[in-house]
Structures are given as C-alpha cells and as structure tokens.
Amino acid sequence: MKINLSNQDVQSVSVGKVERLSGEDLKKCYQCGNCSGGCPVSYKMEIPPTRIMRMLQLGRLEEVKAANSMWLCVGCLQCYSRCPKGCSVAAVLEALRQEALRESADRVDVKELPMPLLKKAPQQAIVCGFRKFVS
Amino acid sequence: MNQVLMKIPYYPGCTLNTVAKQFDSSARDSALAVGFEMAELKQWNCCGATFPLAPDNLMGLTAPAKVLSGARKVGDTLTTLCSVCYNVLKRTNSVIRESKEKRGVVNGFIEEEYDGSLSVLHYLEVLRDRVGFDKVKGAVKRPLKGIKAGAYYGCMLLRPFEDVGIDNAERPTIFEDLLKALGAEPVEFPNRIECCGAHLAMNDEEVVTRLSGAVIDSAAGMGAELVVTSCPLCQYNLEKSRGAGSSNGVPVIYFTQALGLALGQDIETLGFEKNATDVMPLLKKKGIA
Ligand code: SF4
Ligand code: SF4
C-alpha cells in the first residue's frame with residue numbers, strides 16, 4: 001500500500017495532542033513488537049499495539065482513531081511492563097479514548113446494558129466500564 | 001499471653017460491600033485470628049475503579065484522594081483487599097506525594113490538605129510484612145493438605161511495578177508463599193499474571209471467556225485443583241468463563257476464604273455458597289470438610 005507522508009502529517013497538532021494527553025513520547029518506540037506480543041487482546045484489535053505506535057509516529061491518527069483497538073484495551077499494562085523503551089501503549093490508547101469521550105462519542109449505551117448483568121457483575125466492572133466507555 | 005490487637009484502617013470498596021461480601025467477612029475474621037483488626041473507615045466513597053492514565057485527568061484522582069485523606073486522619077496505614085482499589089489508591093497516593101502541583105489542585109477540589117504520607121498496603125502485604133507468614137503458619141488449625149492450588153495474581157497487584165508492585169512483576173511469589181504457609185501445595189502456572197478480561201465483562205463476553213478460560217486451563221494444565229484470587233472482578237470473570245457449578249471445572253475462591261479455612265474457621269461462615277463454583281466436593285475429597 002502506498003502511503004503519502006508529509007511533514008505536516010508527522011508533526012501534526014493532533015498527534016501532538018495524543019502525546020500531551022498520554023504523557024508519552026511516541027518517537028521513543030523502536031518497533032520491537034514486545035507490546036503486541038504481551039497484549040492479551042491484540043488478537044482482536046484491528047490495529048495491534050506496535051502498529052498503533054508506528055502509525056502515530058507517521059501521523060496517521062484518523063485511521064488509529066477509527067480502529068477498535070482503544071476500546072479493547074483492558075489496561076493490564078503488560079505492554080508497559082515489557083517495553084524496553086518504557087513506553088505505555090496503554091496510556092496512548094487512553095489518550096485516544098479520552099479524545100473520543102471528550103467529544104461525547106460514547107462507546108456503550110448505558111440504557112442498553114442488560115439488567116441481569118448489572119445485578120450480578122461486580123460494581124468495580126460497571127464503574128470502570130463507565131469510566132472507559134461513557135463520557 | 002494477652003495480645004493487643006494491631007488495628008489497621010481498612011477500605012472495603014463498593015464490591016466487597018455488595019457482591020463480594022464473603023471476601024470481606026472472611027478477611028476480617030482471619031485478621032482477628034492472626035492478630036490484627038481491620039478497622040473500617042467511618043466514611044468512604046468509591047475509588048473510581050480506574051486509575052486515570054491521562055496525566056491531565058486530575059478529576060479522576062479526587063475520589064481516591066478523598067479516601068486517602070480520610071484514612072490519614074485515623075492512622076498512617078490503609079489496607080484494602082480488592083486488587084483494583086489497591087492499585088488505584090496506591091497510584092493516586094504516589095501522585096499526591098510526588099507532584100506538588102497536582103497535590104495542590106486535587107486538595108483544592110476535595111478541600112483537604114493531604115500530603116501522600118499514608119502507606120497503602122494490600123492485605124497480602126499486611127500478612128507478609130506486618131504479621132509474617134511464619135506466624136500465619138503457626139496459627140493454621142486445618143492445613144490445606146494435599147490441595148494443589150494455583151494463585152492467580154492478575155494485573156493490578158503487580159503493574160506498574162514501580163508504583164504498586166507488591167512483588168516481582170514477572171515472577172512473584174507472595175501469593176504462593178501464603179498458600180504454602182496454609183499447608184497447600186502451590187502450583188505456578190503460566191497465566192497467573194495475565195489479564196482475566198477485566199471490565200470487558202460489561203460489553204465483550206468473548207474476550208472474557210477467552211482470557212479467563214485460558215487462565216483456568218493454564219492452571220488446570222499444571223495440575224491445579226483450585227484457583228485462588230484476590231479481586232472480585234477476577235473472581236467473577238474466572239467463575240463465569242467456566243459456567244457456574246460445572247462439575248469438571250476447577251473451583252475458584254478468594255484467598256481469604258482459603259485463609260479462613262486453614263485457620264480453622266467454621267466452614268459455614270466462609271461464604272462458599274456465594275461463590276459461583278463449588279469448592280465443597282474438593283474439600284470433601286481431601287478430607288478437609
Ligand atoms: S514494546 Fe515499546 S518499543 Fe517495542 S514496539 Fe511496543 S511500544 Fe514500541
Ligand atoms: S494495557 Fe492495553 S494495550 Fe497494553 S497490553 Fe494490556 S490490553 Fe494490550
């Protein structure tokens with residue numbers, strides 16, 4: 001696939017915002033692949049952690065935002081724990097979620113959640129889910 | 001010998017007050033049996049169940065900061081049982097201690113003057129560092145002899161290592177050391193530090209079934225007959241992935257239930273009936289119940 005890259009993409013303000021919201025320096029990632037290797041949900045991500053980092057380095061924010069990856073991240077921090085460069089893909093994905101949620105793009109419709117689930121599931125799952133999926 | 005009970009301020013968190021009452025009660029009873037009392041905070045609120053990873057999200061720190069500042073007024077230590085509460089409180093505590101700027105903003109919101117000087121300890125750490133596993137071992141009245149038990153750590157007790165790690169992040173032993181003290185035979189299994197699927201229990205059952213299923217399979221594959229947890233969400237996900245009461249499934253219990261059992265507490269008081277998997281057949285088979 002041909003990629004058109006411009007300086008403008010790579011140094012875009014919106015990617016800078018991801019760095020600010022995550023506190024991560026995206027350029028630190030040298031693509032070793034440890035994060036995707038350890039990530040328990042990478043099998044289901046449209047763009048796995050390592051590629052998320054690379055695409056953001058290249059300024060391809062819109063594609064990353066359109067993928068399901070950020071909504072699947074369970075915050076287990078295996079990526080961070082095993083990254084030789086000390087990058088937290090978890091924080092980068094949180095920044096992407098925050099961006100979406102701060103624009104009120106909810107992932108879950110609370111009214112649609114099944115009652116039996118709400119009654120049986122631990123409160124912590126529901127509170128955490130609301131924090132991750134609802135603005 | 002007349003022993004003075006050590007009192008440790010205790011934060012139960014929402015889940016232990018509702019669907020995981022057996023975790024709370026077995027921990028309180030066991031504490032008394034090994035020499036400390038869990039003094040529940042008079043007033044507490046939900047910790048938020050998520051440590052905000054975006055550094056500008058100070059709003060997410062206010063709820064746990066409120067808990068911490070309340071606890072500091074009654075002591076210098078706070079203990080908790082749920083791995084998520086522990087993770088959130090401990091990480092928030094570090095931020096408040098280390099960043100003067102964030103401390104100021106958060107304190108301004110909650111109208112407190114908290115400085116981060118509390119020690120946040122998981123109950124497992126209290127047993128290891130304040131009580132001592134030797135003393136726990138000495139208090140055992142009903143050893144869990146012959147039970148091959150897999151300790152499931154999950155994520156929140158171990159990562160990120162620099163803020164919360166109660167033990168080596170890749171090769172922890174604290175949980176196995178406790179099981180050994182209780183007379184069980186700990187089984188180290190590969191997935192003991194892998195995620196259970198966490199809050200995806202809310203909207204993605206496939207992931208939870210797959211990840212939690214892999215944990216149980218991994219434990220059973222190494223010969224475990226029982227899996228022991230320290231978090232109500234792990235407990236829920238692990239039990240659910242196997243289906244309630246499934247006869248070939250490995251039962252899953254809270255570590256405090258295993259503790260209470262070994263300390264000789266009445267089996268009826270341990271709340272095993274509240275678990276979704278049935279541990280009784282195993283206990284009967286081993287001559288423990
Ligand atoms: S582990 Fe770290 S350096 Fe390696 S690919 Fe992932 S983010 Fe990049
Ligand atoms: S924190 Fe998220 S991205 Fe990182 S390993 Fe866990 S699920 Fe994957």
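Below, chains carry the letters A, B, ... as their sequence lines are ordered, and counting in each starts from 1.
For chain A, the nearby part of B:Cys82 is the side chain; its heavy atoms alone come within less than 4.5 Å. Both the backbone and the side chain of A:Val74 come within contact range of chain B, each with at least one heavy atom under 4.5 Å from a heavy atom of that chain. Proximity to chain B involves both the backbone and the side chain of A:Leu72, based on heavy atoms less than 4.5 angstrom apart. Heavy atoms of A:Gln98 lying under 4.5 Å from chain B belong exclusively to its side chain. Contact annotation for A:Leu113: only side-chain heavy atoms (C-beta onward) come within less than 4.5 Å of a heavy atom of chain B. If you measure heavy-atom distances from B:Glu162 to chain A, the contacts under 4.5 Å come from the side chain alone. For B:Leu233, the parts lying near chain A are the backbone and the side chain together; criterion is any non-hydrogen pair under 4.5 Å. Interface remark: A:Ala95 contributes no atoms to any contact with chain B (heavy atom separation under 4.5 Å). Of the atoms belonging to A:Glu94, it is side-chain heavy atoms, and not backbone ones, that fall under 4.5 Å from chain B. Only the side chain of A:Arg82 comes within contact range of chain B, with at least one heavy atom under 4.5 Å from a heavy atom of that chain. Neither the backbone nor the side chain of A:Cys39 comes within contact range of chain B; no heavy atom of the residue lies under 4.5 Å from a heavy atom of that chain. Interface remark: A:Tyr43 contributes side-chain atoms only to the contact with chain B (heavy atom separation under 4.5 Å). Interface remark: B:Leu16 contributes no atoms to any contact with chain A (heavy atom separation under 4.5 Å).
When all heavy atoms are compared, the tightest approach of A:Gln78 to B:Ile193 is NE2-O, 3.4 Å. Residue B:Pro160 comes nearest to A:Tyr80 through the heavy atom pair CB-CE2, 3.7 Å, listed as atom of the first residue, atom of the second, then distance. The minimum heavy-atom distance linking B:Leu200 with A:Trp71 is given by the pair CD2-O, 3.8 Å. Here the closest non-hydrogen pair linking B:Pro55 and A:Arg20 is CG-O, 4.2 Å. For B:Cys195 against A:Pro40, the heavy-atom pair with the smallest separation is CB-CG, 4.1 Å.
The candidate from B:Leu158, B:Leu211, B:Val84 with the greatest count of non-hydrogen atom pairs under 4.5 Å with chain A is B:Leu211. Of all the listed residues (B:Ala54, B:Ala201, B:Gly13), the one sharing the greatest number of non-hydrogen pairs under 4.5 Å with chain A is B:Ala54.
Put simply, the side chain of B:Cys14 does not reach to within 4.5 Å of the side chain of A:Gln124, judged on heavy atoms. For the pair A:Val127/B:Cys46, a side-chain contact is recorded, criterion being any heavy-atom separation below 4.5 Å from C-beta on. Considering only heavy atoms from C-beta on, A:Lys120 stays 4.5 Å or farther from B:Val19 through its side chain. A heavy-atom distance below 4.5 Å is not found between the side chains of B:Phe161 and A:Leu77.
Atom NZ of B:Lys21 is surrounded by 12 or fewer heavy atoms from other residues, nucleotides or ligands within 6.0 Å. The local environment of CD in B:Glu170 is crowded, with over 12 non-hydrogen atoms from other residues, nucleotides or ligands closer than 6.0 Å.
Residues satisfying the salt bridge (Lys or Arg N to Asp or Glu O under 4.0 Å) criterion with A:Glu19, sequence neighbours excluded, are absent altogether.
Taking CG of B:Asn203 as the reference point, atom CG of A:Leu117 lies at 9.5 Å (rounded to 0.5 Å). A:Cys128 SG to B:Met202 CE: the interatomic distance, rounded to the nearest 0.5 Å, is 8.5 Å.
Salt bridge absent: B:Asp204 and A:Lys132 never bring a charged side-chain N and a carboxylate O closer than 4.0 Å.
A donor-acceptor contact shorter than 3.5 Å is absent between the side chain of A:Arg131 and the backbone of B:Ala49.
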